[in-house]
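What follows is a short report on a single structure.
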Amino acid sequence: MMSRLVKKSPSVCTDLPLDDTDICSKFRLLRQLLSSCFGPTGRLKQVHNNIGGHVVTTSTSSVLLPAISSSQPLVNLIKTSILNHVSRFSDCGLFAAILCLDLIEQAKQSGLGGNVSIRLNKHLLSLCTSYLQREDCGCKVKLDFCSSQNLVTLARSIISSKPACVLTEQETLHISKLAVQAFLLTVPCDNPGTVTLGRTVTVPVEGQSVLNSAVFPGLLLDITDAFCLNKPENQNPNPLRVVLFSASLAGDLSELGDGIIEVHPGVDTDSQILDQLLELGKQAVKDEVQLFACQKVIHPVLQQYLRSQGIIVIERLGITLMEPLIQLTGAQPVATLHTTLPVKAYGRVRDISVRQFGSKTMLHLHPAGESAVCTMVLCHRNETMLCELKVVCQKAENVLRLSLKEPSALLGGGCTETHLAAYIRHKSLHEVTESALGCSQTEYRLGVERFCHSLESVATALEHNGGNSLIDLTHAHHWTLPADVTRGHMEDSLGFCGCGLVGSSPSNKWTYLNTKYTEFSPATLSRDTTVQPRVLDSFTAKLNALHVAVETANLALDVRYIIQDVN
């Protein structure tokens, strides 16, 4: 009997989706959710689906956005765009998302036509980009690789902005220094020609103090089998020989590859395969191999034979450890067990030692020569904090790597956003570009004001404790006035601006952010090397985030129809 056929429903077409109240409310809710996560005092979010499963606790965009599901195509468009930026640049995902959503909202509130808003956004983005790339940019800081101070500040700004790590000041500084140390260990010193950066392998250890975290040159392998430690210390001054297998040495027929296997009657295939494995073991002994490692499983008989010969055996390395192990030892992984081991396949390590972290026993492989491979052992009190700390440290490492191409940073704490807004207001007042942009002077002024309002809104999103955000009318930096302080006692309570470069003084004048103030050209700070910024953002990541925010907002403003197949 045939099943009843259901007539296919027509696709749902939404005309001018940004005029739809439901879509706009979802945008507003997403902006509020992400804004509440922004900065060091951002609020954490716990996300789980309605049928149970793992609970995610985070304020990091790379973790939070994938955990949020939506049936709205425009919301998913923005999510995908931000996550693509984060996958390439690691930082400034929340900045890009908040700015993008605010630009869309401001464009709708302004009443400007979509085409006018898009043209103005593109023009103002080009003004921001050209200013940020200037040598005399007032919110850019050169990174000096002869000193680690600014590098530690950059790493610390990233780590301290993620409250789910739950770190004290001392722990934050400790982890920031470790992140910089690990980064520097992955930069080769004396390699001529094309420089290839090394790898940092992160080993999480739960239940230990954060201050027990450490960085080691070389590779630490987590071992569960104490029998692999027959020969943990190298008494020989010569390097130890290493062989590395990517093929399984378990002895299963399924591991021999694809194709037809012919088996003669009466032949014991298990014995033949085991004989072949033992031949490999004998060759390893003959060639004086001291470390025998395999990505997959090693047959127990082969393991027993190798250990009886004083060889250290490690199995089940996993694919993620293969690349750093190859880079550290110089070994070429052997992918078959049918051929004689070539001499060029062997690698070397200088020494092997054992380290203990809590319940974990790890084998420490020391590089024979210069190697850009290191291991960061990250400790924390519970799994949730440890997972967030691992993600954040990886972000810090990637941001530090970006600084090799562009050795600059931007002032953090909202100061870059407020400084840019003041610069754009001043620049636009003294430029006559309305006719070239195809809009009236009134539209141009309104577009500039809305764009600057969005930049300032990102700075105000850093405050979560009821305080007020201010801008000084000299350098255009961002300041926070605590909620319990009146304006009459402002000077005594402001202290330093968001980035820490400017201190309050009687000569300074302030006004609340997102209120009208007379335009002015932000004064450049004197380059006093004794005063260093306390908060820095990645120049490369933030510049790209600015582009992603504006271009994604323009894309959303340009969408005329959404067509959804609901079958």
Q) Yes or no on side-chain hydrogen bond (donor to acceptor under 3.5 Å, both in side chains) for His547 and Thr129, after CA distance, side-chain angles and deciding distance? A) CA-CA 9 Å; His547 279 264; Thr129 302; 3.0 Å; yes

Q.
Quiz question: by atom type and distance under 3.5 Å, do the side chains of Gln46 and Thr57 form a donor-acceptor pair?
A. yes

Q) Are any of the side-chain heavy atoms of Leu513 and Leu470 separated by less than 4.5 Å? A) no

Q: Mind running salt bridge (charged side-chain N to carboxylate O under 4.0 Å, His left out) on Arg445 and Glu449 for me, showing each step along the way?
A: CA-CA 6 Å; Arg445 296 274 183 253; Glu449 189 55 41; over 6 Å; no

Q: Test side-chain hydrogen bond (donor to acceptor under 3.5 Å, both in side chains) on Ser117 and Lys108 and set out the steps.
A: CA-CA 9 Å; Ser117 293; Lys108 296 307 298 178; over 6 Å; no

(Q) Can a donor-acceptor pair be found, under 3.5 Å and without considering hydrogens, that links the side chain of Ser403 to the backbone of Glu406? (A) no

Q) What's the spacing between Leu411 CG and Cys497 SG if we round to 0.5 Å? A) 7.5 Å

Q: Say whether, by atom type as modelled, one donor and one acceptor occur between the side chain of Glu443 and the main chain of Ser440 under 3.5 angstrom.
A: yes

Q | Residues Glu388, Lys162: salt bridge by 4.0 Å N-O rule | A | no

Q) Residues two or more places apart in sequence or in another chain: which of them pass side chain to side chain donor-acceptor pair (under 3.5 Å) with Ser469? A) His478

Q) Sequence neighbours excluded, which residues qualify as side chain to side chain donor-acceptor pair (under 3.5 Å) partners of Ser126? A) none

Q) Under 3.5 Å, side chain of Lys79 to main-chain N/O of Ile68, donor-acceptor pair present? A) yes

Q. Between His85 (side chain) and Leu546 (backbone), is there a donor-acceptor pair under 3.5 Å?
A. no

Q: With Arg534 as the cation and Phe496 as the aromatic partner, state whether NZ or CZ is under 6.0 Å from the six-membered ring centre and within 45° of the axis.
A: yes

(Q) Among residues at least two apart in sequence or on other chains, which ones pass ring-ring contact (aromatic ring centres under 6.0 Å, His included) with His380? (A) none

Q: Using a strict cut-off of less than 4.0 Å between a Lys/Arg side-chain nitrogen and an Asp/Glu carboxylate oxygen, indicate whether Glu383 and Lys390 qualify as a salt bridge.
A: no

Q | Spacing of CE belonging to Met376 relative to CG belonging to Leu389, to within rounding of 0.5 Å | A | 8.5 Å

Q) Are Lys542 and Phe95 in a cation-pi setup, meaning NZ or CZ lies under 6.0 angstrom from the ring centre and within 45 degrees of the ring axis? A) yes

Q.
Between Phe539 and Leu132, is there a side-chain heavy-atom distance shorter than 4.5 Å?
A. yes

Q: State whether the side chain of Thr60 and the backbone N or O of Val63 hold a donor-acceptor pair below 3.5 Å, judged by distance alone.
A: no

Q: With side-chain hydrogen bond (donor to acceptor under 3.5 Å, both in side chains) as the test, would you mind laying out the steps for Lys140 and Thr416 before giving the verdict?
A: CA-CA 8 Å; Lys140 187 163 71 170; Thr416 290; over 6 Å; no

Q.
Using modelled atom types and a 3.5 Å cut-off, is there a donor and acceptor pairing between side-chain atoms of Thr552 and backbone atoms of Val548?
A. yes

**Q.** side chain to side chain donor-acceptor pair (under 3.5 Å) contacts touching residues 147-159 (sequence neighbours left out)
**A.** Arg156-Glu169

Q: Could you tell me which residues satisfy ring-ring contact (aromatic ring centres under 6.0 Å, His included) with His426, sequence neighbours excluded, listed by chain and number?
A: His430

(Q) Under a 3.5 Å distance rule, please check whether Lys142 uses its side chain to pair with a backbone N or O of Pro407 as donor and acceptor. (A) no

Distance-only criterion, 3.5 Å: show the donor-acceptor pairs between side-chain atoms of residues 24-32 and protein atoms not counting sequence neighbours.
from  : atom 1 : to     : atom 2 : distance (Å)
Ser25 : OG     : Thr21  : O      : 3.3
Ser25 : OG     : Asp22  : O      : 2.7
Arg31 : NE     : Glu105 : OE1    : 3.1
Arg31 : NH2    : Glu105 : OE1    : 2.9
Arg31 : NH2    : Glu105 : OE2    : 3.4

Q | Residues Arg560, Asp15: salt bridge by 4.0 Å N-O rule | A | yes

Q: Look only at the side chain of Thr418 and the backbone of Ala476, and say whether a donor-acceptor pair between them is shorter than 3.5 Å.
A: yes

Q: Can you label the angle between the Phe145 ring and the Phe183 ring as parallel, tilted or perpendicular, going by 30° and 60°?
A: tilted

Q. Just by distance, do the side chain of Lys45 and the backbone of Arg43 share a donor-acceptor pair under 3.5 Å?
A. yes

